[in-house]
Amino acid sequence: MKVTFPYMGTTVVYKKLLEMLGHDVILPPKPTRKTIDIGVKYSPEFACFPLKVIMGSYFEAIQKGAEVIVTSGGNGPCRAGFYERVHQRILESEGHDIDFIVFDSMFRDPQTFYRNIERLRDGTPWHKVLKSLLLIYDMIGKLDHLEKEVQRIRAYEKNRGETTRIWEAIQKDFDQAYTSHTMKSAFKKGKEKLQSIPVKHVDKEDCIKIGIVGEIYVVMEDSINMKMEQLLNSLGAEVERSQYLSQWVTYNMLPKWINWTHEKAVLKKGEPYIPILIGGHAKQSVGQIVDYGQRDFDGVVHLMPFGCLPELVSQSIVPKISEDYNIPVLTISLDEQTGIANNQTRVEAFLDLVRGKRKQRLNKEEKMVGKKPESYCTSG
Amino acid sequence: MKIGIPRALLYHYYYPFWKTYFDSLGIETVVSSPTNKWIMDKGIKYSVPEICVPIKVYLGHVLELIDRGVDYIFVPRFVSIQKGQFFCPKFMGLPDIIRHTFPEMEPVMLSPYVESTTDDLATSLKQYQIFEDKFGITRSDNRKALKKAETVWKLFREYSLNGYDIPEATQKAMSEGCQTIGDYKRSLDDKYEYAEVTIGVLGYVYNIYDSVISLDIVNRLKEMGVRIKTFEMIDDETLKKQLANMPKTLFWTFSDKLFAAGNHFYHDPDVDGIIHVTAFGCGPDSMLGKLLELDSTKFEKPFMTVRIDEHSGENHLQTRAEAFVDMLKRRKRKLKKGALA
């Protein structure tokens with residue numbers, strides 16, 4: 001089968017999994033202006049941004065010859081659970097008869113889930129499937145580990161753009177690795193490569209940490225959030241995201257009673273603000289801001305697609321949390337009307353504010369303790 | 001003691017229920033004024049700019065009630081009224097939006113969870129236990145009040161199903177509880193005997209029946225001699241039939257009903273055209289609107305989307321509605337001629 005999937009984050013992972021199951025994978029191109037334009041042309045005007053981008057990338061993948069689309073489903077209350085239906089109808093009305101394999105939660109409808117697995121397995125023996133799954137899971141974890149490093153080191157790199165280049169090379173290395181042994185060496189090599197990046201020394205009081213929270217697609221896919229991570233890094237801030245693929249997979253695969261994942265803890269922190277799950281990542285966003293506040297981050301950037309239903313609720317609550325935990329939050333809603341310069345200005349202004357606030361706080365602490373804080377916080 | 005009920009969102013669907021319930025418990029209720037400029041402005045001022053206009057208006061109504069000095073405000077948390085389905089996330093987070101925007105309101109908010117398996121709210125007693133603790137009501141009184149509320153609400157639905165719009169049905173159900181319905185149905189048919197065209201108006205009750213939000217589109221159309229059909233006038237069985245062969249339905253209860261109603265209108269030979277009234281930025285509508293629009297060519301029935309928000313212009317709507325109705329009339333006459341020739 002010529003298979004494709006929605007483009008999000010580190011796509012090597014999905015590609016590898018499908019390849020290991022013996023499929024011909026059509027990797028959708030990384031979303032560009034053109035992808036977005038195609039998506040916007042065919043999608044409902046007020047659909048959320050991820051739907052439009054994914055729509056565009058489906059059209060591009062179909063042009064490259066994809067016959068089957070593998071995607072995740074959902075059962076609400078967020079719109080994302082209905083994406084596949086709308087996508088399918090639109091593709092149909094444009095004359096593309098494409099097969100969809102949709103994975104809904106396995107706890108809700110185990111039968112369909114199993115049938116989908118069977119289709120995707122396509123005769124591959126079970127032990128091999130299991131082996132691939134474990135390998136992929138391992139790979140996600142490793143990639144996420146490295147990505148966290150990248151998000152820190154990039155803030156202090158001497159040569160602009162070097163870290164990003166190396167990160168892309170690392171992903172390519174992982175793409176070539178098909179056994180746990182090669183994966184391990186790719187991981188080791190990646191780590192070394194990152195270590196060797198020349199970095200500037202920065203005084204401790206100038207090191208700032210920014211968290212990114214929000215809807216998973218716009219948080220994970222940098223080509224549609226105007227490269228938020230790189231922008232923050234280039235302005236000298238360390239970055240941490242609320243979502244990493246490995247966390248998401250662990251949270252969604254484990255049954256409720258042994259689910260003690262990071263997401264669970266974050267949800268707990270969101271409880272005082274939104275007592276129930278209202279779909280999407282609203283509660284996670286809220287909980288994550290609380291988490292960053294408790295971990296003494298200097299600021300939070302809250303990303304959401306324009307008109308996102310759950311995130312609108314969290315956006316309404318953000319001013320309260322920001323006050324409660326004394327942490328500045330910048331909400332940016334994203335859609336096809338991108339204004340890079342506008343965005344840059346807003347983020348720069350935000351970071352200035354965050355830096356000022358940090359200085360103020362350190363000065364106060366200094367007065368109380370009476371000694372200068374330790375300098376140099378970077379590695380290398 | 002007074003409980004304030006905001007005249008917004010599902011007030012338009014459940015008012016007969018809530019009113020009867022509180023009345024029979026001997027609790028005084030105050031309903032906010034119909035949406036006006038003050039309410040609209042206040043709502044816009046205190047809500048995030050991107051959120052849809054019905055939610056903004058809701059905030060305005062809550063503020064008006066506070067201004068009028070009520071002791072409690074009734075802000076239920078709508079979670080689900082059908083198994084496997086939910087409300088829009090904004091409804092589920094509504095009390096959170098309000099209590100975190102106005103922290104001083106938290107102690108006066110009454111927010112029962114609306115969580116049941118049918119749209120008859122009386123079926124889950126659990127939601128109403130918070131009133132027992134708060135107002136010292138016994139369990140049996142609570143039950144009795146619910147029973148009474150259920151009866152009135154069912155009557156209200158019965159009127160709706162017989163073609164009355166919501167304000168008419170509310171008034172009838174609340175005032176003339178014991179009348180039989182058959183007679184009304186006949187007189188209603190007489191009233192519309194000369195209506196040339198019938199339009200299916202798709203839209204949530206809180207948009208359609210709020211004369212400021214929807215700029216009174218229902219009465220505008222009526223004045224043009226159009227007969228109106230809306231989703232709440234169609235019984236559940238018919239709606240369910242429309243969805244039976246869908247591989248996956250929408251998981252928001254009222255959107256699902258609208259979607260089914262839209263499909264029903266396409267199949268109903270009495271309906272000449274469909275107008276979809278939707279709020280700017282409404283998430284569920286963005287999906288169902290597109291799906292219905294794609295079907296419009298298949299069934300050869302005109303479909304128009306009217307998008308509303310706090311900046312909607314009256315003249316613009318009037319012109320569009322008139323043009324649409326004229327087009328439908330012309331089309332119908334032409335079809336008739338074609339059949340005769």
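A note on names: the letters A, B, ... follow the listed sequences, proteins ahead of strands, and every chain is numbered from 1.
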Using a 6.0 Å cut-off, check whether atom [atom1] of [X] has over 12 heavy atoms from anything other than its own residue.
{"X": "B:Asp133", "atom1": "CG", "value": "yes"}
{"X": "B:Glu300", "atom1": "CD", "value": "no"}
{"X": "A:Glu94", "atom1": "CD", "value": "yes"}

Parallel, tilted or perpendicular, as decided by the 30° and 60° cut-offs, for the rings of A:Phe82 and B:Phe251
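Plane angle over 60°, so perpendicular.
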Atom pair [atom1] ([X]) and [atom2] ([Y]), whose distance is rounded to the nearest 0.5 Å:
{"X": "B:Lys290", "Y": "A:Phe46", "atom1": "NZ", "atom2": "CZ", "result": "13.0 Å"}
{"X": "A:Ile317", "Y": "B:Arg99", "atom1": "CD1", "atom2": "CZ", "result": "7.0 Å"}
{"X": "B:Arg77", "Y": "A:Ile276", "atom1": "CZ", "atom2": "CD1", "result": "5.0 Å"}
{"X": "A:Ser316", "Y": "B:Lys90", "atom1": "OG", "atom2": "NZ", "result": "9.5 Å"}
{"X": "A:Ser314", "Y": "B:His100", "atom1": "OG", "atom2": "NE2", "result": "11.5 Å"}
{"X": "A:Ile278", "Y": "B:Met92", "atom1": "CD1", "atom2": "CE", "result": "7.0 Å"}

Chain A contact via [X] - which portion, at a heavy-atom distance below 4.5 Å:
{"X": "B:Tyr46", "result": "neither"}
{"X": "B:Leu94", "result": "neither"}
{"X": "B:Pro103", "result": "side chain"}

So which residue, B:Val79, B:Leu291, B:Ile97, ends up with the most heavy-atom pairs under 4.5 Å with chain A?
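Highest number of pairs under 4.5 Å: B:Ile97.
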So for A:Leu277, is it side chain, backbone, both, or neither that comes closer than 4.5 Å to the heavy atoms of chain B?
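Contact with chain B: backbone only.
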What part of A:Pro310 gets within 4.5 angstrom of chain B, counting heavy atoms only: side chain, backbone, both, or neither?
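Both the backbone and the side chain of A:Pro310 come within 4.5 Å of chain B.
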Can you find a pair of side-chain heavy atoms, one from A:Pro319 and one from B:Thr101, that are under 4.5 Å apart?
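A side-chain contact is absent here, since even the closest heavy-atom pair is not under 4.5 Å.
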Considering all heavy atoms of both residues, which atom of B:Ser286 and which atom of A:Pro44 are nearest to each other, and what is their separation?
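Scanning both residues, the minimum pair turns out to be O-CB, 3.3 Å.
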Between A:Arg79 and B:Met287, which heavy-atom pair has the shortest distance, and what is it?
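Between these two residues, the closest heavy atoms are O-CE, 3.6 Å.
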Pull out the residues in residues 274-282 of chain B that come under 4.5 Å of chain A, heavy atom to heavy atom, sorted by number.
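Within residues 274-282 of chain B, the residues that come under 4.5 Å of chain A (heavy atoms only) are B:Phe280, B:Gly281.
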Let's test your reading of the structure: which of A:Cys48, A:Ser333, A:Ser93, A:Cys308 forms the most heavy-atom pairs below 4.5 Å with chain B?
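Looking at each of A:Cys48, A:Ser333, A:Ser93, A:Cys308 in turn, A:Ser333 comes out on top.
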Write out, in numerical order, the residues from residues 84-92 of chain A with a heavy atom short of 4.5 Å from a heavy atom in chain B.
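Heavy-atom contacts from residues 84-92 of chain A to chain B are A:Glu84, A:Arg85, A:Val86, A:Arg89, A:Ile90.
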